**Student:** 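First the structure, then my questions, so here it is.
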Amino acid sequence: MQLLRIDMTNLTYRYEEIPDEDLLLGGRALTAKIVYQEVPPTAHPLGPHNKLVLANGVLTGSMASSTDRTSLGAKSPLTGGTKESNAGGIAGLKLGRLGLRAIIFEGIRDDFQVIRIHKDGVQFEPADPYLNQPISQSAAKLRARYGDHVGLYIIGVAGEKKMLTAGVSNMDKDKNPTRFYGRGGLGAVAGAKGIKALILDDTGVERNKPRNPERFRAALKQYNQWLRENPGTSKMFPELGTMAMLDTTQRLGALPTRNFSTGRFEKHEAINAQALRETILARGGEGTPTHSCMPGCVIRCSNIYPDKEGRQVTSPIEYENVSLLGSNLGIGDLDAIVELNRWCNEYGVDTIETGAAIGVAMEAGVIPFGDHEGALRLLHELGQGTPLGRIIGAGAAMVGKIYGIRRVPVVKGQAMPAYEPRGLKGLGVTYATSPQGADHTAGHTGSAKVNHHEAKGQVEASKNAQINATIFDALGICSFASGAIAGRYDLLAELVSGYIGLEVTADDIVQMAKDTLKTEHAFNRGAGMTKVHDRLPEHFYEEVNPASQTVFDVPNEEMDTIGIEGSLA
Amino acid sequence: MKVVVRSHLTWRQDLSGELHLASGVTVGQLVQSFNLLWGEDAMVVVNNQMVDESYELQEGDQVELLVPLVGG
């Protein structure tokens with residue numbers, strides 16, 4: 001297994017061998033370590049000293065279901081701290097086949113390049129034909145140029161313009177370039193390095209094989225059985241996708257609505273899982289309510305949303321999209337939300353950050369809540385790079401500063417995802433204390449045995465969830481498998497041992513996750529963060545969420561026990 | 001004692017309906033009797049309020065089984 005280091009300033013590269021003892025480091029664990037060891041915490045995120053790290057999970061490429069995730073890491077221009085964002089799709093599979101655990105991009109440049117990696121090395125080509133256009137268009141041109149079989153990472157115009165909402169995308173198994181490493185503005189870091197696209201060409205390379213096939217197969221059999229037995233992974237996600245969350249958050253008063261001012265949306269039945277499924281099935285054609293982003297995934301939480309003529313509009317439509325671009329904006333029309341989602345994908349921006357930014361703009365009166373045409377107009381301004389578009393493209397915190405709005409749903413500069421923290425307090429603890437900023441995937445407490453409206457037990461729930469999330473992110477396993485697998489670390493240890501051929505225990509895996517969190521907090525301390533940054537915006541502590549009838553009241557002193565100065569740091 | 005159960009779990013619609021229970025039964029015991037894991041297989045609300053597993057069910061209670069929040 002190798003690591004590839006690419007100098008974007010000089011367009012040179014070199015391979016480095018990864019010693020066997022480091023093979024348990026993958027995904028988020030590896031990006032965190034490299035960022036900590038190689039990026040000065042005071043570096044400008046868009047400057048020459050920041051590095052962009054692409055790292056496969058330990059199990060990525062193993063062909064176990066739901067394990068093909070890849071992490072992208074760097075110092076974030078949005079949070080100012082360490083950042084990891086991960087996605088499914090097929091590029092991780094290609095990266096693994098090329099014998100690579102990770103790629104480190106160094107340096108910066110003013111023009112844009114397409115970087116093609118193949119079995120014999122690396123090629124660079126000017127990216128001019130692919131600039132300043134929707135991602136679907138540039139991705140199609142790249143496939144035509146480099147072949148339909150390649151894996152692809154790509155940024156959109158937002159990344160080219162180095163906007164803080166910019167993400168990096170890759171393709172699902174059906175070549176839709178809509179699987180985003182959305183959070184933290186990492187598309188802007190790629191843009192600063194002149195990386196328009198990365199092509200992974202695995203022609204002539206054999207598929208990965210486990211080093212201990214018998215041990216791996218035995219563990220895989222149990223793993224698949226648990227995925228099949230669990231109602232979430234075998235029934236809920238295949239039927240309803242992530243949209244199944246919406247009715248529950250609505251009931252809890254935790255569905256972000258009109259800039260997180262409340263947790264229930266009066267038009268929720270027009271945009272919930274049932275409405276989405278019925279719309280897709282009624283329109284038929286290219287649409288489907290059940291779809292997988294990764295080959296061989298049994299969970300299949302994705303979908304393809306068709307227009308009224310049955311033609312594909314975009315894929316997927318997920319709970320986060322529908323909440324942040326729907327209820328959070330007061331928009332109760334699925335087609336309108338899907339259109340906003342599509343253009344977020346085309347411009348290459350994070351739907352969470354962009355939805356939150358437009359929500360703050362609506363609170364400021366730039367356009368009224370519910371104005372989907374106005375929201376689309378703002379999005380197109382972002383794509384054109386107008387001054388107003390650049391303000392939206394700079395994220396929710398920046399919109400709040402520029403328009404003098406104090407109710408801004410961010411932590412460490414990053415927008416909250418679709419769980420209102422007064423209605424689901426454990427998530428509020430994760431938003432506050434995670435080194436990643438407000439991020440539900442950093443430690444989801446939704447299945448913890450706590451009363452989500454009370455403060456009691458939330459810190460412990462968040463702590464356990466943060467360790468669990470780090471394990472999944474490091475191994476490359478989709479968090480949606482967690483319902484079936486979480487806590488069963490002995491099985492994960494067997495899978496890993498069989499795949500990488502080392503003796504790995506459950507304790508090793510948990511320790512690896514704890515070490516990763518410590519590394520991330522250490523980087524953030526070096527970047528100037530303190531426990532002052534481990535807080536929600538003050539209005540969440542003082543103003544009642546009318547839907548849940550709660551304020552956020554988890555004591556700061558208790559949160560500090562797991563924050564940047566606590567036991568996980 | 002009669003309670004009303006409404007299941008939002010599309011794969012367990014069979015659980016919806018009226019139930020007659022002995023007094024003193026907790027909502028945790030009820031959920032367990034459905035062969036569901038609290039929090040992991042279902043999120044539970046009684047009379048529109050979040051409750052703990054130890055909540056003792058009362059005559060006329062409305063128990064809702066919601067899709068668990070496991071991410072998304």
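Below, read A as the first sequence line, B as the second, and so on, with proteins coming before strands; counting in each chain starts at 1. Predicted model only: the values in this text are computed from it and were never measured.
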**Student:** Checking Asn230(A) against Glu40(B) for the side chain to side chain contact (heavy atoms under 4.5 Å, CB included) test, could you report, in this order, the C-alpha distance in whole Å, the side-chain angles of both residues, the deciding distance, and whether it holds?
**Tutor:** CA-CA 9 Å; Asn230(A) 180 270; Glu40(B) 293 180 26; 5.8 Å; no
**Student:** Between atom CG of Leu9(B) and atom CG of Leu240(A), what is the distance when rounded to the nearest 0.5 Å?
**Tutor:**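 Taking CG in Leu9(B) and CG in Leu240(A), the distance rounds to 10.0 Å.
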**Student:** If you round to the nearest 0.5 Å, how far is CD of Glu64(B) from OG1 of Thr248(A)?
**Tutor:**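 Nearest 0.5 Å value for the OG1-CD distance: 9.5 Å.
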**Student:** Determine the option with the most heavy-atom pairs under 4.5 angstrom with chain A, choosing from Val44(B), Val67(B), Thr10(B), Val45(B).
**Tutor:**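 The residue among Val44(B), Val67(B), Thr10(B), Val45(B) with the greatest pair count is Val67(B).
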**Student:** Should Val70(B) and Met236(A) be marked as a side chain to side chain contact (heavy atoms under 4.5 Å, CB included) after you check the CA-CA gap, both sets of side-chain angles, and the distance that decides it?
**Tutor:** CA-CA 11 Å; Val70(B) 291; Met236(A) 179 187 75; 3.7 Å; yes
**Student:** Go through the steps for Asn451(A) and Val51(B) under the test side chain to side chain contact (heavy atoms under 4.5 Å, CB included), then give the verdict.
**Tutor:** CA-CA 6 Å; Asn451(A) 182 329; Val51(B) 293; 5.7 Å; no
**Student:** Take atom CD of Gln58(B) as the centre, draw a 6.0 Å sphere, and report whether it contains more than 12 heavy atoms from other residues, nucleotides or ligands.
**Tutor:**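 Yes - once you tally the heavy atoms of other residues, nucleotides and ligands closer than 6.0 Å, there are more than 12.
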**Student:** Just so I understand: if I count every heavy-atom pair under 4.5 Å between each of Gln274(A), Glu239(A), Glu454(A), Gln549(A) and chain B, which residue has the most?
**Tutor:**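 Between Gln274(A), Glu239(A), Glu454(A), Gln549(A), the count favours Glu239(A).
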**Student:** To the nearest 0.5 Å, how far apart are CE in Met50(B) and OG in Ser548(A)?
**Tutor:**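 Here the interatomic distance stands at 11.0 Å.
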**Student:** Is chain B contacted by the side chain of Leu427(A), its backbone, both, or neither, given a heavy-atom distance below 4.5 Å?
**Tutor:**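 It is neither, since no heavy atom gets under 4.5 Å.
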**Student:** Quick check for you: among Arg251(A), His453(A), Lys235(A), Met243(A), which has the greatest number of heavy-atom pairs under 4.5 Å with chain B?
**Tutor:**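 Of the options given, most contacts go to Arg251(A).
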**Student:** Between Leu252(A) and chain B, which part of the residue has a heavy atom less than 4.5 Å away: side chain, backbone, both or neither?
**Tutor:**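 Just its side chain gets close to chain B.
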**Student:** Give the intermediate values and the outcome of side chain to side chain contact (heavy atoms under 4.5 Å, CB included) for residues Asp247(A) and Leu66(B).
**Tutor:** CA-CA 8 Å; Asp247(A) 278 350; Leu66(B) 305 172; over 6 Å; no
**Student:** Tell me whether Asp14(B) at atom CG has more than 12 heavy atoms from other residues, nucleotides or ligands lying less than 6.0 Å away.
**Tutor:**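 Atom CG in Asp14(B) is crowded, with more than 12 foreign heavy atoms closer than 6.0 Å.
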